[in-house]
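All residue numbers in this chain count up from 1 along the given sequence. Values below: all heavy atoms of this structure, side chains included; hydrogens, waters and symmetry mates excluded.
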Amino acid sequence: MGNSTRERLIALAGVVAALLPAVDGVAGLATLTTWYPGRGVLATGAVVAALCAVVIGLGAWRRADRTTLALALSVVLFALTWLPVPLGLWPISAIALLASQALLIAFGVLVARRSTGLTRITGWSVAAGGIVWLLGGLVTWFGAVPNASQELLGALFVIAPLGMLIGFLAAAVLFAGPLLRPVAQGARYLWSTAEVR
């Protein structure tokens, strides 16, 4: 397998690993979409996301890339929260969720610090989405707004999934480059050889 093929496979695994948690963000917007996947869909998504995260994690480990490793660990920990756990083990699930949120924020900040241009903006988008996901989840979890109206509670339940959706979609965009490069090269070739009549 050549380097470009390996790079594309790792990029595909990165896109899939980031998109599957984003699906949970869409499902978390259930107050707007009234759609939520079943337990079987979530368990299958967790396994696929974790496997893709392991692929990008191994690639990051070989390259000593702490940034990509942070996203891989974030996805694996978040996938663990999708799996059904016994009632007595909810603290482990909660800790895995908090660690996943923190690692997504770290991934975004590390990308933003080492990059320029659109990649830097996308990195800050990942970090901002992770921060909104973390803070929205904490506010919802602790019920920090007593005597809140129904509209305010609805808005609070939308904030955390929206942050998760933004963070993981932006992470997927960061991995899409090697997959889109051949398309861009083909379009440039067609444009350069096109005859305008």
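- Val76 and Met164 fall into different hydrophobic clusters, where Ile, Leu, Val, Met, Phe, Trp and Tyr side chains are chained together by heavy-atom contacts under 4.5 Å.
- Screening Leu134, Ile92, Thr81 for a side-chain contact (heavy atoms from CB on, under 4.5 Å) with Leu97, the sole residue that qualifies is Thr81.
- Among residues at least two apart or in separate chains, there is no side-chain hydrogen bond (donor to acceptor under 3.5 Å, both in side chains) pair with a member in residues 165-177.
- Screening residues 96-106 for salt bridge (charged side-chain N to carboxylate O under 4.0 Å, His left out) gives no qualifying pairs among residues at least two apart or on separate chains.
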Enumerate, atom names and distances included, each donor-acceptor pair closer than 3.5 Å involving a side-chain atom of residues 57-66, sequence neighbours excluded.
from, atom 1, to, atom 2, distance (Å)
Arg63, NH1, Gly59, O, 3.2
Arg63, NH2, Asp65, OD2, 3.4
Asp65, OD1, Thr67, N, 3.2
Asp65, OD1, Arg114, NH1, 3.2
Asp65, OD2, Thr68, OG1, 2.5

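- Residues Leu20 and Leu12 share a single hydrophobic cluster, defined by chaining ILVMFWY side chains whose heavy atoms lie under 4.5 Å apart.
- Tracing side-chain contacts under 4.5 Å through hydrophobic residues (I, L, V, M, F, W, Y), one never reaches Leu104 starting from Val173; they form parts of separate clusters.
- Every residue meeting the side-chain contact (heavy atoms from CB on, under 4.5 Å) condition with Arg181, not counting sequence neighbours, appears here in chain and number order: Glu7, Pro178, Gln185.
- In this structure, OG on Ser93 lies 10.5 Å from CG on Leu77, to the nearest 0.5 angstrom.
- Val54 and Leu73 fall into different hydrophobic clusters, where Ile, Leu, Val, Met, Phe, Trp and Tyr residues are linked whenever their side-chain heavy atoms come under 4.5 Å apart, directly or through other members.
- Judged purely by atom type and a 3.5 angstrom limit, Ser100 has no side-chain atom pairing as donor or acceptor with the backbone of Ala96.
- With contacts defined as side-chain heavy-atom distances shorter than 4.5 Å, the pair Arg8/Pro182 qualifies.
- Cluster partners of Ile95: none. The rule joins Ile, Leu, Val, Met, Phe, Trp and Tyr whenever side-chain heavy atoms lie under 4.5 Å apart, and it links nothing here.
- Residues in residues 42-55 take part in no side-chain hydrogen bond (donor to acceptor under 3.5 Å, both in side chains) pair, two or more places apart or across chains.
- The hydrophobic cluster containing Val47 also includes Leu51, under a criterion of side-chain heavy atoms closer than 4.5 Å among ILVMFWY residues, counted directly or through chains of members.
- For residues 75-94, there are no salt bridge (charged side-chain N to carboxylate O under 4.0 Å, His left out) pairs, not counting sequence neighbours.
- Considering every non-hydrogen atom in both Phe175 and Ile56, the closest pair reads CZ-CD1, 4.2 Å.
- Here the shortest heavy-atom pairing between Ala18 and Ala172 reads CB-N, 3.6 Å.
- Annotation for Ala17 and Ala53: closest pair CB-N, 3.9 Å, computed over non-hydrogen atoms.
- With sequence neighbours left out, Ala22 forms a side-chain contact (heavy atoms from CB on, under 4.5 Å) with Leu165, Phe168, Leu169.
- Scanning for side-chain contact (heavy atoms from CB on, under 4.5 Å) contacts around Trp90 gives Ala94, Trp141, with sequence neighbours left out.
- Looking at residues two or more places apart in sequence or on another chain, you find a side-chain contact (heavy atoms from CB on, under 4.5 Å) between Ala70 and Leu103, Phe107.
- Both Leu179 and Val16 are assigned to one and the same hydrophobic cluster, defined by single-linkage of ILVMFWY side chains at heavy-atom distances under 4.5 Å.
- We find the CG-CH2 distance between Leu138 and Trp133 to be 11.5 Å, quoted to the nearest 0.5 Å.
- Residue Trp191 holds its CH2 atom at 11.0 Å from OG1 of Thr193, rounded to the nearest 0.5 Å.
- A distance of 10.0 Å separates SG of Cys52 from CG of Leu19, quoted to the nearest 0.5 Å.
- Under the 4.5 angstrom side-chain criterion for Ile, Leu, Val, Met, Phe, Trp and Tyr, Leu110 has no cluster partners at all.
- No side-chain heavy atom of Val126 sits less than 4.5 Å from a side-chain heavy atom of Val111.
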